[in-house]
Amino acid sequence: MRPQDRLMELKKERNAVILAHNYQVPEIQDIADFVGDSLGLAMAAAKTTADVIVFCGVDFMAESAKILNPSKTVLHPEPKAKCPMAAMCDPAGVRMLKKDFPRADVVAYVNTSAECKAEADVCCTSSNAVKVVNSLESDLVIFIPDENLASFVQRSTDKDIIPWPGFCPTHESITVEKLNKLKDEHPGAAVVVHPECRPDVIDTADAVRSTEGMMNYVRESPKKDFIIGTEQEMLYRLRKENPGKNFYAVPGALCPTMKLITLDNVLAALESMSPEVALGPELMERARKPLQRMMDIGRGD
Ligand code: 13P
Ligand code: SF4
């Protein structure tokens with residue numbers, strides 16, 4: 001029997017739903033019930049009626065699914081699939097910043113551990129970061145853990161942002177030089193980049209969007225050619241859903257930990273009902289408040 005067929009059988013038996021991020025390898029996207037960005041996945045996890053959520057993405061995404069729907073079993077098929085940027089921030093450091101700036105509100109990008117989220121007033125994703133920051137009372141904001149996203153938000157708010165010095169290695173590898181080379185090869189192509197990119201890359205882009213925002217932008221654009229400044233697997237869905245359009249990836253823009261989820265470990269997770277995401281009830285309660293506040297604010301792009 002093909003692994004895909006056994007997966008379908010097990011999914012039915014366990015009453016499971018498979019959620020996958022836009023950076024997952026094509027064979028995972030193809031077996032998923034829902035493929036989307038961090039915000040879309042959190043929304044899908046919060047509202048599912050399935051008993052089991054198989055989360056195909058990195059650690060913080062699977063944790064958010066558990067926090068938002070704690071009565072469900074959440075399986076993360078490869079616990080080594082961790083976001084390196086989320087690992088750059090720690091709760092003790094956030095507490096120190098809060099002490100230094102007591103009147104600041106704390107915004108935690110979802111790419112953080114549950115422990116860091118528990119220190120925040122509200123969470124955000126790349127889709128709604130500007131909307132979330134502008135919804136706050138305070139004119140001073142501590143923003144963790146992505147310095148580039150903080151700098152992108154700073155362009156669209158009068159509030160003062162204190163950034164945490166974290167970054168995404170995948171998006172840091174996208175440079176103006178690489179984009180210019182692609183622009184020379186494909187004159188007239190629209191340049192669409194993720195807000196985790198460096199500020200000078202943001203300056204050269206025609207549009208800055210979350211991964212789902214890119215799907216919407218491309219669908220609505222009259223253009224035919226697009227240079228995509230984010231993780232390379234994004235092109236799989238873009239091509240699948242826009243057959244008449246052309247997409248060009250930035251060489252080297254790859255998130256290695258996203259690729260640790262495979263058909264084999266998804267199948268093994270459903271067979272053995274492990275590894276399961278397990279977080280303490282008190283920690284989940286504290287992290288749920290800022291996550292829920294973000295969900296109530298909704299999409300921004
Ligand atoms: P999105 O929320 O735009 O999908 O981004 C998540 C992420 O990890 C980008 O690197
Ligand atoms: Fe983390 Fe960057 Fe990978 Fe996104 S692409 S999961 S931010 S390392």
Side-chain angles (χ1 to χ4, degrees), residues 19-25 28-29 32 34-45 55-65 68 76 78-89 107-113 116-117 123-132 143-150 152-153 164-174 192-198 201-202 205 207-218 228-238 249-250 252-261 291 294-295 297-301:
L19 307 183
H21 187 261
N22 285 320
Y23 298 162
Q24 288 292 291
V25 292
I28 294 291
Q29 296 196 29
F34 178 84
V35 183
D37 69 351
S38 307
L39 187 60
L41 290 163
M43 287 170 169
F55 207 102
C56 302
V58 286
D59 54 349
F60 72 84
M61 299 176 176
E63 283 186 356
S64 296
L68 288 165
H76 188 210
E78 177 45 87
K80 289 198 200 95
K82 293 180 191 291
C83 168
M85 174 162 65
M88 290 176 192
C89 190
V107 178
Y109 187 29
V110 284
N111 300 41
T112 42
S113 64
C116 285
K117 287 185 178 78
C123 290
C124 73
T125 74
S126 58
S127 164
N128 60 12
V130 170
K131 203 173 163 188
V132 165
F143 192 98
I144 60 167
D146 186 3
E147 196 165 20
N148 286 342
L149 182 60
F152 173 70
V153 173
W164 182 277
F167 63 93
C168 162
T170 307
H171 286 87
E172 279 283 303
S173 79
I174 298 171
V192 190
V193 307
H194 196 274
E196 286 176 16
C197 289
R198 303 155 180 264
V201 165
I202 302 279
V208 184
R209 296 286 190 279
S210 70
T211 58
E212 201 59 36
M214 288 181 183
M215 295 301 305
N216 300 334
Y217 180 87
V218 162
I228 301 297
T230 194
E231 213 275 344
Q232 61 181 32
E233 222 74 75
M234 192 65 219
L235 275 72
Y236 180 64
R237 235 188 106 197
L238 283 166
V250 180
L254 181 121
C255 177
T257 54
M258 279 278 181
K259 314 303 166 195
L260 295 177
I261 309 289
L291 262 177
M294 168 191 87
M295 303 281 276
I297 293 169
R299 285 209 82 82
D301 69 355

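Values below: all heavy atoms of this structure, side chains included; hydrogens, waters and symmetry mates excluded. Remember, it's 1-based here, ligands and their atoms both numbered in the order they're listed.
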### Message
For atom 3 (Fe) of ligand 2, what is the number of protein N, O or S atoms at a distance under 2.8 Å?
### Response
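Protein heteroatoms (N, O, S) closer than 2.8 Å to atom 3 (Fe) of ligand 2 number 1.
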### Query
Going by the order shown, which atoms of ligand 2 are within less than 4.0 Å of some heavy atom of N111?
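Those atoms are 7 (S).
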#### Entry: Subset of ligand 2 atoms that lie under 4.0 Å from at least one heavy atom of E196
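It comes down to these atoms of ligand 2: 2 (Fe), 7 (S).
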Donor-acceptor pair, [X] side chain versus [Y] backbone, under 3.5 Å?
X: E196; Y: C168; result: no
X: H194; Y: I228; result: no
X: W164; Y: M88; result: yes
X: K80; Y: L260; result: no

### Task
Would you tell me whether E172 and N148 have side-chain atoms, one donor and one acceptor, within less than 3.5 Å of each other?
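Short answer, yes.
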### Message
Under a plain distance cut-off of 3.5 Å, with no hydrogens placed, do Y23 and T230 share a side-chain donor-acceptor pair?
### Response
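A pair is found: one side chain offers a donor N or O, the other an acceptor, under 3.5 Å apart.
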### Task
Flag the pair V193 / I202 as yes when at least one side-chain heavy-atom distance between them is below 4.5 Å, and no otherwise.
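When only atoms from C-beta onward are counted, I202 and V193 do touch, with a gap below 4.5 Å.
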#### Entry: Partners meeting side-chain hydrogen bond (donor to acceptor under 3.5 Å, both in side chains) with D37 (sequence neighbours left out)
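Per chain and number, D37 pairs via side-chain hydrogen bond (donor to acceptor under 3.5 Å, both in side chains) with S210, R299.
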### Task
For E78, enumerate each residue passing the salt bridge (Lys or Arg N to Asp or Glu O under 4.0 Å) test, keeping only those at least two apart in sequence or located in another chain.
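By the salt bridge (Lys or Arg N to Asp or Glu O under 4.0 Å) rule, E78 matches no residue at all.
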#### Entry: Shortest non-hydrogen separation from T170 to A253 and the atoms involved
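Taking every non-hydrogen atom into account, CG2-C, 3.8 Å.
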### Message
Students should find this: residues with any non-hydrogen atom under 4.0 Å from ligand 1. What is the answer?
### Response
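These residues qualify: H21, Y23, D37, S38, N111, S126, H171, H194, E196, S210, T211.
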